[in-house]
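I have placed the structure first, in the form of structure tokens, so that the comments after it can refer back to it.
Reminder, nothing fancy here: chain letters follow the sequence lines and each chain counts from 1. Everything numeric here is computed off the predicted structure, so don't read it as measured data.
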Number of protein chains: 2
Amino acid sequence: MSSINLKRLSEELGLSISSVSKALRDSYEISAETKKRVMEMAEKLNYQPNPFASSLRRKKSLTVAVVIPEIANNYFVLAINGIQTVAQQKGYHVLTYLTHENAKDQESTIKHLQGGRVDGVLISLCSDTSTGEQLSELQNAGFPVVFFDRVPDAPGCPTVTTDDFDGGFKATEQLITSGCKKIAYLRVSGYLSTTVNRMNGYLAALQKYGIPQDPKMIVECSNDDDANQELIKKILKMRGRPDGILSSVEKLAVSMYYACTEINLKIPKDLKVISFSCLRTASLLSPSLSTITPPAFEIGKEAASLLFRMIEKKVYGNRVDKIVLNSSLIQRNSSR
Amino acid sequence: MSSINLKRLSEELGLSISSVSKALRDSYEISAETKKRVMEMAEKLNYQPNPFASSLRRKKSLTVAVVIPEIANNYFVLAINGIQTVAQQKGYHVLTYLTHENAKDQESTIKHLQGGRVDGVLISLCSDTSTGEQLSELQNAGFPVVFFDRVPDAPGCPTVTTDDFDGGFKATEQLITSGCKKIAYLRVSGYLSTTVNRMNGYLAALQKYGIPQDPKMIVECSNDDDANQELIKKILKMRGRPDGILSSVEKLAVSMYYACTEINLKIPKDLKVISFSCLRTASLLSPSLSTITPPAFEIGKEAASLLFRMIEKKVYGNRVDKIVLNSSLIQRNSSR
DNA sequence: AAAATGACAGAAAACGTTTTCGTAAAAAAG
DNA sequence: CTTTTTTACGAAAACGTTTTCTGTCATTTT
């Protein structure tokens, strides 16, 4: 908007455009006193360089994209917070895109990003991602991409995740040692690593303690909160209903709390509950909710840091980083 | 990244660069069949226009900035959600900046934005904003700026807010009709409209019901959660402690819940509570939290829509929109 | 004293688009 | 059969930077 540019500045100073540009970029070709003059005039006229001209010429946008399925999810909010923290500190701009758990949206977003609008992409896949075709296209073009949380199961992808298998395992184990004999697992549809790994942890724990696994105890949920609540109510009203529930994502735990209120099941007396979640108010819920909490803020920071290392070519050769951070299990009243 | 550009495309097609450009923009100067050829080739080679070249030439970035104090706040998350929804649908990109409730950060962010990186700005001020100097600079330059939630108290600013006075009034009234005789108000520091209006509503309600206003009942909180919790504990342990509390923001309500747990005060028996909040889990808290809930998602949508009207020059003349949406008061157990 | 170096600055090309302008050929109007 | 208009396209300028390439002195080295 500010229509003062290098040309205007150079006229004001009686210098050439190139000299002014060099002065502002602190080039050795310009004398100290000229630099000072230029800086002062730039300050005085409130010169702001045109980012597009600069990006066009330098083929650098100083911008990264964050692509996430939804934002109404504390996990992603915290992750974004971590990403922003690192990015702003590095002088980068952050573009955010929501895919609304929609593979089509995700695809078109990625496609747009190929135009060079950003120097790198941080992405958490939507649950119905099938092939990572678009993405591998990006990656093959040498474009820096870091996956976090919901990552593809391919060897060539740099990822930042949490120990999902372990989390699922320990959560299940905790329910078992609290006396549960029949544990249901609330999963989200799709075949993403996160979902699969958490469930495998759950299954492994069942096996370790000799609890037979029962397909009816695995509830596949969707993105429709009301539908999920009905599904959960259904399994809780079933003959041979579960006495323990492991929820693989936060919002399913919330739906479950509502379901229990409706059908008058008492947690933890009738049903013990634990959930993957970053809810700040977990300990204030009624009853307080036991959680496996991924370090979302740190995941965001790590992912962003890794991306910047890649952008700045500080990751050499064919090295592919796969960073795994630990979740913490916090037992509260819902599973005692 | 994709290094295929108009030049490459034009060579491939045996056309001039300008013709290809025109064809892609569906200009009337190009015949239908040539357009078809060009489109197909662009599709085939996966041509993605360089956004910087385009923005440089057209002086349009198709990007807006969202500047907010923090993201770990459901209000802002919902607002962003609304903004993104409108923006993505309009084909705009969204840059997000966090000021961390820091006036310095806010200033430098705004300054950077003057370079023309964005076509418009949506901003919610940080609590220690003093003068809106930087901002009025932007606005005076004819740059589209829309304020939401935390807005300056100046006539020339387009704003989207909620009826804060009314919310504060009704919340206080609700506490009074539930039997409270001594009501404290948790406010955040600073002199932003939101804070001031909510408090004025509170004071007006006190006056209406003949309750004397007491400066000790107004707790000025900071951004430090622990410090706030201590402040709240202090007033709750005081002789002549309040029997009702109105919290002006969500996080203070959370701190208060923790404070009450620590000093063993029972809500709502010993203390009735109501808070401005967008917490999704308000009804699941122990006890469920009465809230005045601003329509954050709609506020985001309205703000974005207004901004786009301004960008597209659909707001004529000196018209300044001041949109006010209604909050809803939901009484739950914490204030019964 | 001639040649080489260094310090400083300007001219101009380049980045990839968009858009104005110009101009052929074809179609329509006279 | 002209003349005008329309259609379809190309040449080139423009957007505001960055950077390479020159060039001019003045200073230092041979």
On DNA chain D, does the nearest nucleotide to A:Leu24 precede the nearest nucleotide to B:Ile30 from the 5' side, or the other way round? Give the residue. B:Ile30
hbond_proxy A:Arg57 side chain to D:dT17 base (donor-acceptor, 3.5 Å cutoff): no
Measure distances between side-chain N and O atoms of A:Ser18 and base N and O atoms of C:dA11, and say whether any donor-acceptor pair falls under 3.5 Å. yes
Hey, does B:Ser55 reach any base, or is it just sugar-phosphate, or nothing, if we go heavy atoms under 4.0 Å? nothing
Using the ring centroid of each side chain, check whether B:His112 and B:Tyr97 are separated by less than 6.0 Å. no
Without decimals, in angstroms, what is the distance between A:Gln48 CD and D:dT17 C1'? 15 Å
Examine the base of C:dA7 for any acceptor or donor lying under 3.5 Å from a partner atom in the side chain of A:Ser31, and report the outcome as yes or no. no
Starting at the 5' end of DNA chain D and moving along, which residue's nearest nucleotide shows up first, B:Lys35 or A:Ser54? B:Lys35
Look at A:Lys35 together with A:Glu29 and state whether they make a salt bridge at an N to O cut-off of under 4.0 Å. no
Take B:Leu95 and B:Arg117, measure what side chain to side chain contact (heavy atoms under 4.5 Å, CB included) needs, and give me the verdict at the end. CA-CA 10 Å; B:Leu95 279 170; B:Arg117 187 179 293 274; 3.7 Å; yes
Please report the distance, rounded to the nearest Å, between CZ in A:Phe52 and P in C:dG16. 17 Å
In plain terms, say whether A:Glu312 and A:Lys90 are close enough for a salt bridge, that is, a side-chain N and a carboxylate O under 4.0 Å apart. yes
Over all strands shown, is B:Ser21 touching base, sugar-phosphate only, or nothing at heavy-atom distances under 4.0 angstrom? base
Give a yes/no answer on whether the side chain of B:Lys59 brings an N or O atom under 4.0 Å of OP1 or OP2 in D:dG16. yes
Return the nearest nucleotide to the side chain of B:Leu56; candidates are C:dT17, D:dG16, D:dT19. D:dG16
From C:dT18, D:dG10, C:dA11, pick the nucleotide closest to the side chain of B:Glu29? D:dG10
Which of C:dA12, C:dT17, D:dC9 is nearest the side chain of B:Leu15? It is D:dC9
B:Arg25 CZ to C:dT20 P, straight-line distance once rounded to whole Å: 12 Å
For the pair A:Thr159 and A:Thr161, evaluate side-chain hydrogen bond (donor to acceptor under 3.5 Å, both in side chains) and give the outcome as yes or no after the intermediate values. CA-CA 6 Å; A:Thr159 59; A:Thr161 52; 4.8 Å; no
What's B:Pro49 touching, base or sugar-phosphate or nothing? Going by heavy atoms closer than 4.0 Å. sugar-phosphate
From the candidates D:dT17, C:dG16, C:dG22, the one with an atom nearest any side-chain atom of B:Asn50 is C:dG16
Nearest to the side chain of A:Ser19, heavy atoms from C-beta on, is which of D:dT19, C:dG10, C:dC21? C:dG10
What does B:Lys22 touch in the nucleic acid at a heavy-atom separation under 4.0 angstrom: a base, only the sugar-phosphate, or nothing? base
Heavy atoms from C-beta onward define the side chain here; which of C:dT17, D:dT19, D:dT20 lies closest to that of A:Arg58? D:dT19
